[in-house]
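Worth saying up front: this structure is predicted, and the values here are computed from it rather than measured. These numbers come from the heavy atoms of this one structure, side chains and all, not from hydrogens, waters or symmetry mates. Residue numbering restarts at 1 for every chain, and letters A, B, ... go by the order of the sequence lines.
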Amino acid sequence: MTRRRLKKLVVGRRIARVATTEPSYFFLTPPKTLARRLVGRTGTGLERHGKYLTLALDDGSALLLHLGMTGQLFASNAPGVRLLRFTDRKVASSRGRDFRPDSHTHLRLAFADRGPSVYFRDARKFGKCQWLAPGATSPRLERLGTDALRIDAQSLYAMCRERRVSVKSLLLDQSAFAGVGNIYADEALFLARIRPARPARGLSKHECVKLSASVRAVLRRAIQRGGSTISDFVHPDGGAGAYQDERRVYARGGEPCFICRRPIARMLIGQRSSHFCPRCQK
DNA sequence: CAAATCCCCTGCAGGC
DNA sequence: TGCCTGCAGGGGATTT
């Protein structure tokens, strides 16, 4: 969803100006270098790789983006005016909020056609921004496994056989399947009725069928419901993603399970909070 | 190979 | 009311 909306805003438009914040580890490429490389370039394509986006540029280079947890992409409808937050389903005004560039807005791309600028804001700086030279590869991208939207039972089962980690950790491992975050992992495991702490090796083929289908369903649904804004529903500093209303277990510790009414449990797995129903999930 | 720990950063909730 | 503390989280690096 984010990719599709962003695509219209960056592909085929020539970048005229680039504004950044000060150097920080948000910028894998120093911001001044980044700006120098981007000015004058025209986007030729926008692809998603797991949680990464790459904007291909007309000189063969590319811009790599990762939204991290709190990353937000905006487009301005007119300079200096209210910003449309296109990771939201509805226009920002429906929530009565204005989005304006602030100290957390690390990147602004302004275009030669004087149309809407694109802004990348990230309060926590867990997001990433990198310029990739023509022909350059990124270790980050090369590490990624199969896109989780295309996860299938057989490859999941095969992966379960060769890894000695919990099934939750396996789902979160981007080198196994790219694109599953903490929330989606918990939700998919609930749908499949599998406990997150289960060793991956212990999953049956049938469970892998259920789990792979659940992962695909959860991701598809989340995309439908408003793209990747899910990450900021916990800290709704820019409006909540619509998928939050469909959570069944995530951040519902102590609240009743929607199926059996028993309290949802919470535990740490691989330093990540995990939520599940002790009764419904085996 | 796996798992634990740390780090980056800041908004927010809870305690007093 | 306001300050302080702790927590959360993606993912890479480092250590056990």
Side-chain angles (χ1 to χ4, degrees), chain A residues 2 20-31 48-54 64-73 85 87 97 99 101-107 120-130 132 137-145 147-148 158-188 196-202 219 222 227-241 243-244 247 249-255 264 266-275:
Chain A
T2 297
T20 69
T21 50
E22 294 300 300
S24 69
Y25 75 98
F26 174 87
F27 293 105
L28 299 177
T29 300
R48 184 184 63 80
H49 317 270
K51 303 177 187 175
Y52 289 91
L53 289 170
T54 50
L64 178 68
L65 302 174
H66 190 297
L67 294 181
M69 263 177 64
T70 49
Q72 304 167 308
L73 288 163
R85 181 161 181 267
T87 47
R97 304 181 82 130
F99 297 100
D102 59 8
S103 64
H104 299 308
T105 306
H106 303 296
L107 182 69
F120 186 175
R121 179 180 187 272
D122 185 3
R124 307 256 167 112
K125 294 188 189 170
F126 277 18
K128 293 286 177 284
C129 197
Q130 182 177 25
L132 301 176
T137 58
S138 161
R140 289 165 178 271
L141 293 181
E142 294 192 321
R143 259 196 294 274
L144 298 179
D147 194 284
M159 197 65 77
C160 283
R161 307 300 336 162
E162 66 186 58
R163 304 291 292 272
R164 264 169 289 193
V165 294
S166 67
V167 60
K168 168 82 183 272
S169 296
L170 179 63
L171 288 181
L172 289 182
D173 185 342
Q174 303 297 300
S175 69
F177 298 101
V180 184
N182 201 31
I183 297 165
Y184 302 118
D186 280 3
E187 297 298 320
R198 284 267 302 282
R201 286 184 76 99
L219 292 180
S228 52
T229 61
I230 187 68
S231 64
D232 63 19
F233 86 83
V234 179
H235 309 282
D237 52 0
Y243 189 79
Q244 71 159 335
R247 283 177 299 126
V249 287
Y250 190 84
R252 294 196 64 245
E255 295 173 35
I264 296 298
R266 178 181 181 278
M267 69 181 291
L268 284 181
I269 298 174
Q271 307 307 112
R272 292 276 181 267
S273 64
S274 303
H275 314 76

Round to a whole Å and report the spacing from [atom1] of [X] to [atom2] of [N].
X        : N      : atom1 : atom2 : value
A/Tyr25  : C/dA13 : OH    : P     : 14 Å
A/Phe126 : B/dC7  : CZ    : P     : 12 Å
A/Leu28  : C/dG12 : CG    : P     : 10 Å
A/Gln271 : B/dC8  : CD    : P     : 17 Å
A/Lys125 : C/dA8  : NZ    : P     : 23 Å
A/Leu141 : C/dG11 : CG    : C1'   : 13 Å

So A/Tyr52 and A/His66, would you call those rings parallel, tilted or perpendicular, with 30° and 60° as cut-offs?
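Perpendicular, since the angle between the ring planes exceeds 60°.
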Does the C/dG10 base have a donor-acceptor partner in the side chain of A/Arg124 within less than 3.5 Å?
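Such a pair does not exist between side chain and base.
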Under 4.0 angstrom, heavy atoms only, what part of the nucleic acid is [X] near: base, sugar-phosphate, or nothing?
X        : result
A/Lys128 : nothing
A/Arg266 : sugar-phosphate
A/Gln174 : sugar-phosphate
A/Arg163 : sugar-phosphate

